[in-house]
Each structure stands twice: as structure tokens, then as C-alpha cells.
2 protein chains.
Amino acid sequence: MSDDLFKALADGTRRTILDELTEKSGQTLFEICARLSMKHGLGISRQAVSQHLAVLEAAGLVETRREGRYKFHELNVAPLRHITERWLGPRIPGPEKDPS
Amino acid sequence: MSDDLFKALADGTRRTILDELTEKSGQTLFEICARLSMKHGLGISRQAVSQHLAVLEAAGLVETRREGRYKFHELNVAPLRHITERWLGPRIPGPEKDPS
DNA sequence: TTGATAGGCAAGTGACGACTTGCCTATAGT
DNA sequence: ACTATAGGCAAGTCGTCACTTGCCTATCAA
């Protein structure tokens with residue numbers, strides 16, 4: 001069900017996080033917090049960002065990798081590729097279609 | 001900005017409405033209500049559907065046209081075309097960049 | 001006119017989402 | 001050992017969202 005995907009994209013802060021991970025993938029939580037504060041002026045707590053990252057991970061947009069006490073977040077744009085195909089018509093003849 | 005667009009897509013019922021308008025554009029409110037009930041088993045009130053259509057219209061995904069006591073709703077997929085481009089941009093598979 | 005159809009407006013409810021606060025665990029550096 | 005760093009967990013607040021209810025307007029047909 002792609003419900004998680006659309007819900008994840010519904011929040012502006014989460015979309016900004018995707019922007020930051022697009023610019024530099026493999027950031028830690030604190031790194032993302034710093035960037036949101038510096039570049040976007042978002043006064044947001046660490047836990048809030050952590051929760052956003054959890055939502056993005058549940059949607060398959062972010063994958064994590066642990067190394068010691070660091071947890072790196074990497075972007076995965078694959079789920080974004082075909083989410084609008086169902087309304088933009090059969091541009092690419094594919095075998096499966098997955099509405100939700 | 002595009003906030004309305006993502007918010008409009010966040011709801012599953014609204015995405016189903018887009019599906020129905022994709023299949024047959026230019027439907028009235030009651031026609032959409034009937035289809036949601038019949039084909040999708042959605043027990044939803046007329047007013048709820050009306051509010052969904054208002055959200056979709058605010059996002060630019062639906063345009064309306066009045067004729068007498070009828071109001072026809074037409075799909076406009078243009079806003080959907082490039083909403084994921086900011087993340088699907090020129091990503092060259094390979095090692096990460098190192099901006100300073 | 002009367003009645004039925006198509007739709008709109010506004011207030012209220014219930015649930016979910018975004019965010020905070022406080023405390024806890026684990027790893028690394030000295 | 002002690003301390004700072006990186007992160008997690010859980011409860012609670014507050015606002016927004018989806019939906020309902022009730023009533024109102026407009027158009028068309030008899």
C-alpha cells in the first residue's frame with residue numbers, strides 16, 4: 001500500500017529533509033538537524049526530526065545504516081518513480097499496476 | 001506553493017476520486033458519490049465528497065464547470081507532472097559527492 | 001405552485017499527526 | 001572511571017483533518 005508514501009510526502013518538513021538528503025546522502029540525525037536549522041531556519045527539536053525520519057523510512061524513502069554510535073540516513077528515490085503513473089496515463093507499458 | 005498539492009494527494013479517498021475522474025472526466029458530485037459507493041464500497045456522505053473535491057480543486061487537480069443545476073468536475077493532471085523532479089533529478093549512480 | 005433534484009454553508013465531533021518534554025541506553029574520547 | 005556525544009522510548013499537548021448533521025439556495029419538471 002502506497003498510503004505510507006503519500007503520507008510521508010504530505011509534510012513540508014519531511015520534503016525538506018528529502019531535499020537535504022538529495023544534496024548529501026548518508027547524513028546523521030544531528031547533521032540533518034543542523035542543516036534544517038541553518039539553511040531553512042526551522043526551529044525543530046531533534047526528536048521531531050527523528051520521528052520524521054522514521055516516517056520516511058516506513059515509506060521506503062530513507063534507508064539507515066549503523067556504524068558505532070552513528071546512524072547514517074540514505075535517500076532512496078525508487079518509491080517516487082511511478083507514484084503518479086496511475087493518473088498520467090500509460091506512458092510506459094508495464095506489467096503490473098498497484099493501486100491503493 | 002505545492003503544499004496544497006501534496007496535502008491533496010495524502011488522502012486515499014481523494015486519490016480514488018482522481019482514479020474515477022481519470023476513468024471518466026466531467027462527472028457531477030452525485031455521480032462521483034455513486035461510484036465511490038458502488039465500485040469502492042466507501043460509505044461516505046455527499047458533503048464529505050464535496051469537501052474532498054474542494055481540496056482537489058484548491059490543489060489545481062480538478063476544475064469545475066457549471067451548467068444549470070449541474071456542476072461537472074474535470075481532471076487536470078498537469079500539477080502531477082513534475083512534483084517529484086526535485087528528487088529524481090540528475091542523479092548519477094556512483095560515489096557520493098563531497099561538497100565543502 | 002409544488003415537489004424533486006443538485007449542490008452549498010456552517011458548526012460540531014472524533015481521531016490522527018506534529019511536536020515537545022523528560023528520561024533512558026549505548027558508544028566514544030580523556 | 002567519568003563525561004560528552006549520538007540516539008531511542010514514551011507520554012502528553014495542541015492543532016489540523018475527515019466526516020457528520022442540519023439547514024439553506026437554486027434549478028428543473030409536473
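Small disclaimer: the values here were computed from a predicted structure and weren't measured. Residue numbers start from 1 in every chain, and the chains themselves are labelled A, B, ... in the order their sequence lines are given, proteins ahead of strands. Side chains included, hydrogens not; waters and symmetry mates left out as well; all remaining heavy atoms used.
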*Per the side-chain hydrogen bond (donor to acceptor under 3.5 Å, both in side chains) rule, which among B/R35, B/E20, B/H73 passes with B/Q27?*
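Considering B/R35, B/E20, B/H73, a side-chain hydrogen bond (donor to acceptor under 3.5 Å, both in side chains) with B/Q27 is found only for B/R35.
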*asked:* On a heavy-atom basis, which atom in A/P79 and which in A/G60 lie closest, and how many Å separate them?
replied: CG-O, 3.4 Å
*Residues from residues 45-61 of chain A sitting under 4.0 Å of DNA chain C, heavy atoms only?*
A/S45, A/Q47, A/A48, A/Q51, A/H52
_Can you pull out the residues from residues 32-44 of chain B that lie within a 4.0 Å heavy-atom distance of DNA chain C?_
none
Measure [atom1]/[X] against [atom2]/[N] and give the value in whole Å, please.
X	N	atom1	atom2	value
B/L29	C/dA6	CG	P	10 Å
A/K7	C/dA15	NZ	P	15 Å
A/D11	D/dT16	CG	P	13 Å

*In one Ile/Leu/Val/Met/Phe/Trp/Tyr side-chain cluster, 4.5 Å: B/L21, B/V55*: no
*asked:* Under 4.5 Å between side-chain heavy atoms, counting indirect links through other Ile/Leu/Val/Met/Phe/Trp/Tyr residues: same cluster for A/L29 and A/Y70 or not?
replied: no
*asked:* How would you summarise protein contacts on nucleotides 25-30 of chain C per nucleotide, using B for base, S for sugar-phosphate only and - for none, with heavy-atom distances below 4.0 Å?
replied: --BS--
Verify, without hydrogens or angle tests, whether [X] (side chain) and [Y] (backbone) share a donor-acceptor contact under 3.5 angstrom.
X	Y	value
A/E31	A/F72	no
B/R14	B/K7	yes
A/H40	A/M38	no
B/S45	B/A48	yes

Could [X] and [Y] be called an ion pair, given the rule that one side-chain N must be under 4.0 Å from one carboxylate O?
X	Y	result
A/K24	A/E74	no
B/R65	B/E63	no
B/E23	B/K39	yes

*asked:* With a 4.0 Å cutoff (strictly under), does any side-chain N or O of B/K71 reach OP1 or OP2 of C/dG8?
replied: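 Yes, such a contact exists.
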*Among D/dG8, C/dA18, C/dG7, which is the nearest nucleotide to the side chain of A/R14?*
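Among D/dG8, C/dA18, C/dG7, the one nearest the side chain of A/R14 is C/dA18.
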